[in-house]
Structure formats: structure tokens, C-alpha cells
Amino acid sequence: MVTVGRPRGVEDTAILRATAQVMGRVGPPGLTLAAVAREVGLVPATLVQRFGSKHGLLLALADQAEKDMTEMAERVRRSHESALGALTALTVESVAAMATPESFANHLAFLCMDLGDPQLYERALAIHRTQKRMIEDLLTEAISGGELRAGGDTVALARTVQAVVAGAGLTWALEREGRLEQRIRQELDAVLSPHIPSLTSHNPEES
């Protein structure tokens, strides 16, 4: 049973994390304030107090997701000596909430909903641009460190990385072979390998 003092003990970030988990399980039709409240042991009225409505909750979740993306990039960079290692970790961790085809489909359904809502779309675009900037920074660092060939267009390559990660998730959800993490790693390796000096230095077309 929920006690009177309990609502003040649950931080907004914990509620938003729980919202993301519920989203992955039930998709748009099943996401209600009541479902999220049950997940964190609160009553729906508490969520109305905090966020105003389900739409307000989704807006807050999107704002938090952009902050989390920046923090994630900083954390993975600190924990990897290699910029490319950090890039792989960033792309893998960014899809961690979609580890099953069902959760991938549910999160994709929410993205489709975002595209039709001006406020949610604005935030989805901000998250996309933040991720792209983080990828560009890591690619630039990889070039400076000699992990990638000098002279590459990091802006174009970052766009390709984002497109490949999104496409890999969709094909994985359709094919249902292996784990999403494995598919992301494989496709990212395929995209980056032509730009790695050790793999291209003996290319006959360049000799």
C-alpha cells in the first residue's frame, strides 16, 4: 500500500526511467499514468501533480533523454581509451532499452507518434541532433588519434552511422536473429572498416 509520504521520496528521474520501461513493454495504447504509477508505487494523482498529464510526462521524458544522451557520451568516453571503442559503446547503449523485437516495435511506435506531435517532434529532433554531434566528436577524435584515416568527412560519416544504427535495429527486429547489440556492432564495423588505416593501407586501387 502506498503511504502518504511515499510520493515525495520518488525522484522525477526514477519516474521517467519507469516510464521508458513501461513504454517498451506495452507500447502507446498501454501507456497510462496509472501504469507508470503502478511501476513506481505511486498513485496517478501524484504524476498529475508532477507532470500535468500523460503528454506532459512524455515531454519530460524526452527532455531527460536528451540530457541522458550527453551524459552517456561523456561517461563512455571516460571509460574507453579508444574513441572508436567509445563510439561503439555509445551506439550499443543507446538502444539498450530495445533489447527485444517487441520492445523495439513499441519504442518505434512512440517515435512515429512523436513525428505527428509538434512538441514531441521538436524534442525528438533535438535528441537526434545531440546524438549526431556526439558521434561527430568521437569520429573527429578518432581521426586525430590515428584510428581513422585523415581527411574524412565526419559530418557525412556521422549521418551514415546514425542511419545504419536505425536500419540495423529495424532489420534485426524483422529477422530476429541474434541480439540487437551484436547486430549494431557488426553493422558499425562494416561502416567504419573502410576508414581504418590498417584495413585500407594495402588497397590496390590506392597504390
Side-chain angles (χ1 to χ4, degrees), residues 1-79 86 89-135 162 165-166 169-170 172-173 176 179-181 183-184:
M1 181 175 294
V2 179
T3 63
V4 174
R6 177 67 184 276
R8 295 184 181 276
V10 180
E11 298 291 336
D12 286 357
T13 52
I15 296 173
L16 296 175
R17 283 196 298 269
T19 301
Q21 292 170 354
V22 174
M23 288 170 67
R25 288 202 305 267
V26 303
L31 183 70
T32 63
L33 291 179
V36 175
R38 284 195 300 271
E39 188 77 7
V40 291
L42 299 176
V43 294
T46 300
L47 301 189
V48 174
Q49 274 187 330
R50 300 272 188 101
F51 305 102
S53 63
K54 184 173 89 169
H55 189 256
L57 177 64
L58 291 174
L59 292 176
L61 177 60
D63 289 336
Q64 184 64 44
E66 184 180 3
K67 296 177 185 176
D68 290 344
M69 179 63 66
T70 301
E71 293 173 0
M72 184 192 308
E74 294 171 350
R75 174 168 45 78
V76 298
R77 187 63 195 98
R78 289 194 302 269
S79 60
L90 177 64
T91 55
V92 167
E93 192 166 336
S94 67
V95 298
M98 300 178 279
T100 67
E102 293 77 16
S103 61
F104 183 92
N106 286 332
H107 280 284
L108 183 61
F110 276 103
L111 175 59
C112 292
M113 185 177 72
D114 292 348
L115 297 178
D117 181 297
Q119 289 179 299
L120 288 170
Y121 167 73
E122 180 182 8
R123 287 161 171 80
L125 182 60
I127 294 168
H128 173 78
R129 287 173 171 167
T130 296
Q131 183 189 50
K132 181 173 177 289
R133 185 174 68 253
M134 300 302 167
I135 293 172
Q162 280 192 303
V165 170
L170 183 57
W172 167 81
R176 306 196 176 195
R179 293 182 294 117
L180 178 56
E181 175 184 345
R183 180 64 65 89
I184 295 295

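Nearest heavy-atom pair, Pro28 versus Lys54, reported as atom, atom and distance to 0.1 Å: O-NZ, 4.1 Å. Nearest heavy atoms, Asp12 versus Arg50: OD1-NH1, 2.5 Å. Residues Ala34 and Pro44 come closest through the heavy atom pair CA-CG, 3.8 Å. Considering every non-hydrogen atom in both Ser94 and Met72, the closest pair reads N-SD, 4.0 Å. Nearest heavy atoms, Val40 versus Ala14: CG1-O, 4.1 Å. What you find for Met23 and Phe110 is that their closest heavy atoms are CE-CG, 3.4 Å.
The closest side-chain heavy-atom distance from Glu66 to Met69 is not below 4.5 Å. Inter-residue side-chain proximity for Met134 and Thr70 is flagged as met; some heavy-atom pair is nearer than 4.5 Å. Side-chain contact between Thr19 and Leu31: present, with at least one pair of heavy atoms (C-beta onward) separated by less than 4.5 Å. For the pair His107/Leu111, no side-chain contact is recorded, criterion being any heavy-atom separation below 4.5 Å from C-beta on.
Rounded to the nearest 0.5 angstrom, Tyr121 OH and His128 NE2 are separated by 9.0 Å. Rounded to the nearest 0.5 angstrom, Ile184 CD1 and Arg179 CZ are separated by 12.0 Å.
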Full working for side chain to side chain contact (heavy atoms under 4.5 Å, CB included) between His55 and Gln119: CA-CA 10 Å; His55 189 256; Gln119 289 179 299; 3.0 Å; yes
Derivation of the side chain to side chain contact (heavy atoms under 4.5 Å, CB included) call for Thr46 and Val43: CA-CA 6 Å; Thr46 300; Val43 294; 3.3 Å; yes
Verdict with supporting geometry, Ile15 and Leu57, side chain to side chain contact (heavy atoms under 4.5 Å, CB included): CA-CA 9 Å; Ile15 296 173; Leu57 177 64; 4.2 Å; yes
CA sep, side-chain torsions, deciding dist, call: Gln64, Asp68, side chain to side chain contact (heavy atoms under 4.5 Å, CB included): CA-CA 6 Å; Gln64 184 64 44; Asp68 290 344; 2.9 Å; yes
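Arg176 has a carboxylate O that lies under 4.0 Å from a charged side-chain N of Glu102, or vice versa, which qualifies the two as a salt bridge.
Every residue two or more places apart in sequence or in another chain that forms a side-chain contact (heavy atoms from CB on, under 4.5 Å) with Lys132 is listed here: Glu136, Val155, Ala158, Arg159, Gln162.
When the shell of 6.0 Å around CZ of Arg129 is examined, it contains 12 or fewer heavy atoms from other residues, nucleotides or ligands.
Checking Leu33, Leu61, Leu16, Val36 one by one against Phe51, the side chain to side chain contact (heavy atoms under 4.5 Å, CB included) holds for a single residue, Leu16.
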